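Read the structure below first, then the notes.
Letters A, B, ... mirror the listed sequences (proteins, then strands); counts begin at 1. Quick caveat, the model's predicted, so the values are computed rather than measured.
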Amino acid sequence: MTRLYYLFAMLLAMFLWGCEDDLPIDTEPDLELISGFPEGFEAGSKSSYEAATLVLGSGAWLLDNALIGTSANDLKNDVKSVRIKEQGDLTMLFDVNVPIEKVSLDVGVYGTDGTVSYEIWFSSDAGNTWETLSGPLTTDAIQLTPLELNTTIPAGEVRFQIRNTSFTPNRRLNVDDFSVYTTTGSTGNNNTGRDNNLGLGNPSNAISDIISENNYLMTLPQYSMSYNRSTATANWVSWHLNNAWLGDTPRQDDFRANPDLPSGWYQVHEYSYSGSGFDRGHLCPSADRDGSVEDNSATFLMTNMVPQAPQQNQQIWRLLEEYCRTLAAAGNELYIVSGPRGSGGMGSNGGVSQTVDGGKVRVPSAVWKAIVVLPNGSNDLARINTSTRVIAVDIPNTQGVGNDSWGDYRISVDELEDLTGFDFFNLLPLDVQQAIESQVDDLPVGG
DNA sequence: CTGCCATCC
DNA sequence: GGATGGCAG
């Protein structure tokens with residue numbers, strides 16, 4: 001009898017659950033405007049169509065063949081809107097990291113320009129690849145007109161872009177009050193998420209084309225780098241660090257050649273440094289990527305290694321790496337770029353070596369690092385300002401510096417740019433770059 | 001893969 | 001001692 005009762009109760013429960021499941025959805029899910037939106041474009045000024053970055057209330061935006069319109073002919077809410085001319089576009093340079101349910105904006109035609117063709121695009125990988133959200137659209141509105149697009153974009157490194165696809169000259173589009181909505185209860189800001197490893201810029205404009213063999217861009221989920229075929233090391237490795245990357249995965253120690261190098265290029269292999277007196281020194285450290293086996297293993301590709309004097313690598317350099325992780329564990333996120341420079345180091349075999357691996361791998365004379373530190377949060381590009389902390393070091397690749405403090409090797413990013421020829425953090429507004437790159441960090445750092 | 005070394009907190 | 005950086009056989 002008891003058993004029959006349970007059976008009945010279960011059937012009843014399934015029936016009720018089934019009913020509930022079949023109830024028609026008579027209300028659309030509650031939407032929540034993402035922090036920073038609507039973007040009304042009131043915070044910026046730009047009077048030329050030339051491509052440039054603007055930091056606005058929501059974050060940084062790229063206006064290419066577009067400007068901030070303030071004239072009587074600009075359709076606008078309040079006093080400013082974006083004016084995009086034919087073949088121009090407006091692009092978010094920051095990520096939203098929650099599921100997107102809806103996008104809305106106000107659009108119209110500038111002055112008496114004729115019908116404008118435009119499209120809305122989005123990226124789920126921080127702007128690396130784009131797909132259309134809207135399909136081709138047109139407007140001939142002479143007043144700002146709301147456009148709403150319902151969508152379902154999963155949480156990711158999501159950005160949006162508005163393109164004026166008109167070809168005819170003087171078909172200018174006004175855009176204002178751009179809004180992005182997520183479902184209520186989504187975690188909201190990406191406070192502790194993983195951000196773009198190249199979020200502050202590509203220091204040497206590296207590209208993934210074999211024509212650029214000494215400045216060859218390679219992008220992994222764990223870090224990005226510019227590889228140099230002739231030195232057989234990276235020019236730089238760039239990565240984001242915060243507690244979202246940190247875990248307790250054991251060190252994998254699976255040093256190996258990078259199979260993703262273009263065919264025909266020499267692949268530095270596991271034993272290329274053996275007996276040389278130099279460590280296989282990580283640029284992106286193993287312990288910065290121990291959230292999973294895959295993440296940690298990625299740091300052991302030989303393209304992430306540089307021949308480093310053991311006492312430099314295992315002592316002073318290691319202490320700087322640990323200091324960075326301490327900052328991350330304390331609730332900061334860091335953008336780090338690191339690489340070798342120069343030629344000729346002194347390892348444990350004594351004397352100065354220019355190369356290892358039978359001349360195939362260049363030994364740097366110094367290893368450098370540039371670090372931007374900011375509290376965990378979202379819209380990083382917009383939050384970095386003239387008082388954001390930046391640490392840059394340049395440490396000789398030699399035995400004997402091991403007992404020194406890395407703090408004594410701090411220099412300004414400007415000096416580091418002179419030494420390396422790279423342009424660091426170039427997605428930041430110029431005035432911010434000038435402020436933070438001219439200073440030498442002088443906070444007490446111990447060690 | 002295991003064992004081992006070194007340094008630093 | 002434990003973590004982190006490695007090495008050699």
Side-chain angles (χ1 to χ4, degrees), chain A residues 222-223 225 232-234 237 239 241-258 268-332 334 336 338-340 345-351 353 355-358 361 363-364 366-369 371 391 393-410 443-447:
Chain A
Q222 294 80 16
Y223 54 87
M225 73 177 131
T233 63
V237 172
W239 68 101
L241 175 64
N242 66 358
N243 49 16
W245 291 100
L246 299 177
D248 56 4
T249 303
R251 181 184 165 99
Q252 297 300 301
D253 270 321
D254 50 350
F255 294 93
R256 63 200 185 282
N258 188 332
V268 179
H269 57 86
E270 181 177 1
Y271 301 112
S272 287
Y273 295 12
S274 292
S276 69
F278 291 92
D279 281 2
R280 297 171 293 192
H282 284 72
L283 287 170
C284 178
S286 163
D288 279 14
R289 290 291 182 266
D290 61 356
S292 69
V293 169
E294 188 186 358
D295 285 352
N296 187 252
S297 182
T299 70
F300 286 88
L301 292 166
M302 290 303 292
T303 44
N304 185 42
M305 302 299 162
V306 67
Q308 237 173 322
Q311 290 183 8
Q312 196 255 25
N313 179 38
Q314 300 179 31
Q315 298 178 52
I316 178 171
W317 192 255
R318 171 191 145 203
L319 290 179
L320 172 56
E321 293 174 347
E322 290 180 353
Y323 182 76
C324 289
R325 285 190 292 274
T326 302
L327 292 174
N332 295 291
L334 290 72
I336 307 175
S338 183
M346 194 184 73
S348 57
N349 294 344
S353 306
T355 62
V356 299
D357 200 8
V361 180
V363 175
V367 190
W368 52 266
K369 187 171 269 187
I371 305 154
I391 306 167
V393 299
D394 183 69
I395 303 180
N397 187 25
T398 177
Q399 302 282 73
V401 298
N403 292 322
D404 295 351
S405 165
W406 59 263
D408 294 339
Y409 290 91
R410 285 178 285 189
L443 292 180
V445 292

Could you please spell out the steps behind the side-chain contact (heavy atoms from CB on, under 4.5 Å) verdict for Leu334(A) and Asn242(A)? CA-CA 6 Å; Leu334(A) 290 72; Asn242(A) 66 358; over 6 Å; no
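- Counting non-hydrogen atoms of other residues, nucleotides and ligands closer than 6.0 Å to CD of Glu294(A) gives a total of 12 or fewer.
- Distance Trp406(A) CH2 to dC8(B) C1': 15 Å, rounded to the nearest Å.
- From the 5' end on, the contacts that DNA chain C makes with chain A at under 4.0 Å to a non-hydrogen atom open and close at dA3(C) to dA8(C).
- The distance between atom CD of Gln312(A) and atom P of dC8(B), rounded to the nearest whole Å, is 14 Å.
- No hydrogens or angles considered: nothing links the side chains of Gln308(A) and Asp279(A) as a donor-acceptor pair under 3.5 Å.
- For the atom pair OG of Ser297(A) and CZ of Arg256(A), the computed distance is 3.5 Å after rounding to the nearest 0.5 Å.
- For the pair Asn313(A) and dT7(B), the criterion of a side-chain N or O lying under 4.0 Å from OP1 or OP2 is not met.
- In this entry the distance linking CG of Asp253(A) with C1' of dC1(B) reads 10 Å, nearest Å.
- To the nearest angstrom, C1' of dT2(B) lies 16 Å from CG of Asp254(A).
- With sequence neighbours excluded, the residues satisfying side-chain contact (heavy atoms from CB on, under 4.5 Å) with Ser286(A) are Arg251(A), His282(A), Asn296(A), Thr299(A), Phe300(A).
- Counting non-hydrogen atoms under 4.0 angstrom, Arg251(A) reaches a base of the nucleic acid.
- Backbone-only contact: Glu322(A) has heavy atoms under 4.0 Å from sugar-phosphate atoms and none from a base.
- Residues that satisfy the side-chain contact (heavy atoms from CB on, under 4.5 Å) test with Ser274(A), not counting sequence neighbours, are Tyr271(A).
- Within the 4.0 Å cut-off from OP1 or OP2 of dC8(B), at least one side-chain nitrogen or oxygen of Gln315(A) is found.
- Within the nucleic acid shown, Phe278(A) comes within 4.0 Å of sugar-phosphate atoms alone, with no base atom in reach, counting heavy atoms only.
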